[in-house]
Amino acid sequence: MDALQPTYPTTLSLSRIVKGDNPRRYFDRKKHEDLVESIRLRGILQPMLLRPKGDSFSIVAGERRYRAALEAYGPETQVPVVIREMTDQEALEAAIAENDDRDDPSETEQADAAVRYLAACQGDRPEAARRLGWSRAKLDRRLALADLSDAVKLALDERRIKVGHAELLAAVPGDKQDKALETILTAGLDVAKTRELLMRVTQNLGSACFDKTECITCPFNSGTQRALFETHVDEGHCTNPTCFQLKTEAVEQARLERDERAAAGASAADPSAVDHDDADQDDADDQSTSSADSQERSANDTGETETGGATGSNPTRSASSASAAQKPTVTAQSIARRTADLREATWRTALARAIAGNASHAHTTILIAAMSGTLSQIKAETLTSRAGLLVGASFPDLDYQGKIAAIRALPDRQAEIVLSVIGAAYAKDVLTFGHVADLARVFEVDLRDSWQVDKAFLDRYTKDELKFIAQECGLVAHVGEKAFAKLLASKKADLITGILNRIGFDWAGRLPSAMTLDCTYGPPPVPVARQDDVPLADLAA
């Protein structure tokens with residue numbers, strides 16, 4: 001037989017009633033006073049809905065009546081009730097429905113309810129919207145408002161600001177909302193003036209120098225706000241200046257380091273390379289030497305050997321041939337050794353960018369750094385010098401306890417940015433380049449996404465090495481052996497210009513072996529065919 005259901009009273013003392021998990025967060029004082037007067041005159045006309053909770057009973061619906069009755073009559077007053085056994089989810093659904101039906105809840109109350117409902121539906125937005133009886137658009141708008149600071153939510157509840165203000169502030173990082181709210185209230189800004197104010201502090205994504213892939217779905221992209229709210233800043237703007245500045249600084253720092261490394265590498269070229277290049281530059285001053293050098297290069301380039309008494313009849317040519325015979329063989333490894341500084345700096349920068357743009361990569365990097373004992377290799381000044389920008393302007397001046405509180409108060413998205421910067425700093429500072437290479441392989445970092453052959457790169461090599469690079473990258477095959485031999489006979493500056501600007505040859509995506517992790521040439525990636533590019537015969541098969 002089924003167990004007998006408990007019989008509950010229909011009236012109960014207010015002292016035995018406790019507040020429930022009510023989605024309503026704001027109670028209008030004027031409406032409360034009116035309800036107190038009504039209950040004093042007429043009593044409670046409609047029972048409160050309760051559910052058992054230990055020795056007490058928890059309010060599911062009717063907290064405004066409970067508050068008013070408590071003020072009107074005191075805790076020993078008997079009030080009408082309906083008591084039901086309910087799960088947490090059932091109680092939440094009933095409370096939301098009661099609030100929606102009886103007195104329009106504020107937008108922030110609906111936002112909080114939306115968050116809880118979404119959690120109950122395990123992140124399924126369509127299901128949460130269906131069970132709330134809302135459109136999907138309304139659910140998305142309310143979830144966007146859930147990230148408002150408590151001060152902004154209270155200001156909206158008390159109608160000190162309008163919904164338009166709140167929608168604009170929802171696009172501002174949480175740590176900036178309270179200050180913006182203070183400005184709005186102090187200056188008495190209407191929605192239009194608030195929008196103008198925010199437009200002045202946003203960044204135009206069109207002018208950004210960094211990869212904007214992550215920005216497409218970022219909540220601080222004004223395009224995302226435009227899709228949600230009627231009130232928004234112009235599309236194509238970033239409302240998170242801290243993130244925008246960090247990404248811009250990373251690109252500018254990478255460019256500066258690349259240029260500095262390239263300049264240092266060019267000036268540190270080995271003596272034989274300098275002598276060789278100086279001879280090229282002095283061609284106009286010494287026609288005899290120029291002629292001999294030209295003949296030597298021609299012989300080396302075509303693979304032919306000088307015969308027929310050359311040694312006895314031309315001492316200059318004999319000396320040149322002897323010098324050429326002593327030149328070391330050019331290989332991918334020898335070129336890589338010459339460009340080790342640029343190669344390392346470029347890969348560190350590429351890895352740092354990959355980590356900064358991927359929270360999962362940053363998480364992995366920090367864990368392996370900590371567990372391998374190399375996390376301490378991050379230079380202290382790398383992070384402390386930017387703490388004010390990453391966490392807050394006042395952070396550097398806080399004591400240690402204050403710093404703990406500031407870090408714990410970081411919004412999830414800002415905390416992700418901080419962790420990404422830590423991971424990127426490790427890529428730049430870790431002592432062993434092998435660690436950088438291993439991480440770059442695991443994260444599938446492609447240097448071709450951020451680096452390309454340019455004049456600064458080619459300037460550091462001798463003509464023989466430039467020929468090697470041109471051969472492995474396909475330029476010699478493109479122009480032909482004879483045409484390239486003629487180009488090789490020109491001054492080095494003209495040779496580099498010719499290499500970079502050969503008609504019909506694109507350097508994009510070509511990665512010389514000297515710049516790869518394994519000294520193996522990286523050809524341009526093969527374009528992935530779209531489905532509509534597949535031949536009909538292949539589809540039929």
Side-chain angles (χ1 to χ4, degrees), residues 111 115 118-119 123 125 140 143-150 169-178 202-203 205 208-225 228 237-251 253-254 348-371 375 378 382-396 398 403-430 439-440 442-445:
V115 169
L118 186 63
R125 291 199 178 202
D140 289 343
L143 287 172
L145 292 180
D147 289 331
L148 289 171
S149 69
D150 289 341
L169 291 175
V172 177
D175 60 327
K176 305 289 194 304
Q177 290 180 11
D178 289 357
T202 59
Q203 304 290 339
L205 286 170
C209 60
F210 51 79
D211 181 5
K212 296 184 283 292
T213 302
E214 187 182 17
C215 303
I216 296 174
T217 56
C218 178
F220 301 125
N221 183 338
S222 60
T224 303
Q225 297 298 313
L228 289 173
H237 285 74
C238 172
T239 59
N240 188 348
T242 300
C243 179
F244 190 98
Q245 184 175 349
L246 283 172
K247 290 184 175 181
T248 301
E249 284 184 355
V251 172
Q253 181 66 24
R348 285 180 183 273
T349 298
L351 177 62
R353 290 184 61 185
I355 293 173
N358 188 306
S360 176
H361 290 353
H363 182 73
T364 300
T365 299
I366 293 171
L367 287 181
I368 188 61
M371 295 298 98
L375 186 62
I378 300 178
T382 300
L383 298 175
T384 57
S385 64
R386 306 172 74 183
L389 182 63
L390 289 167
V391 182
S394 63
F395 185 81
L398 299 175
K403 285 182 168 67
I404 294 174
I407 292 295
R408 293 188 67 187
L410 285 177
D412 290 344
R413 177 58 188 147
Q414 190 175 354
E416 277 188 11
I417 293 174
V418 174
L419 289 175
S420 294
V421 170
I422 296 173
Y426 179 78
K428 288 295 190 70
D429 292 347
V430 63
L439 286 170
V442 170
F443 297 154
E444 298 181 342
V445 178

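Values reported hereafter were calculated over all heavy atoms of this structure, with side chains retained and with hydrogens, waters and symmetry mates removed.
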Fill in: All salt bridge (Lys or Arg N to Asp or Glu O under 4.0 Å) counterparts of R348, not counting sequence neighbours
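Applying salt bridge (Lys or Arg N to Asp or Glu O under 4.0 Å) to R348 gives E344.
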Among all residues two or more places apart in sequence or in another chain, which pass the side-chain contact (heavy atoms from CB on, under 4.5 Å) test with [X]?
| X | value |
| --- | --- |
| A369 | T374, L375, Y426 |
| A406 | V391, F395, L398 |
| L367 | H363 |
| V418 | L390, L410, I422 |

I need the [X] [atom1] to [Y] [atom2] distance, nearest 0.5 Å.
| X | Y | atom1 | atom2 | answer |
| --- | --- | --- | --- | --- |
| I366 | I378 | CD1 | CD1 | 7.0 Å |
| L169 | L148 | CG | CG | 7.0 Å |
| T349 | K428 | OG1 | NZ | 4.0 Å |
| I417 | D412 | CD1 | CG | 11.5 Å |

Worksheet entry | N/O donor-acceptor pair under 3.5 Å between E416 side chain and A359 backbone |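 Not confirmed, E416 side chain does not pair with A359 backbone.
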Looking only at heavy atoms, what is the nearest atom pair of [X] and [Y], with distance?
| X | Y | value |
| --- | --- | --- |
| T382 | A425 | CG2-CB, 3.6 Å |
| I355 | H361 | CA-CB, 4.1 Å |
| A362 | S420 | CB-CA, 3.7 Å |
| V115 | A146 | CG2-CB, 3.4 Å |

Item to complete: Name all residues meeting the side chain to side chain donor-acceptor pair (under 3.5 Å) criterion together with T384; count only those two or more places apart in sequence or in a different chain, and write none if there are none.
Response: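 Residues passing side chain to side chain donor-acceptor pair (under 3.5 Å) with T384: none at all.
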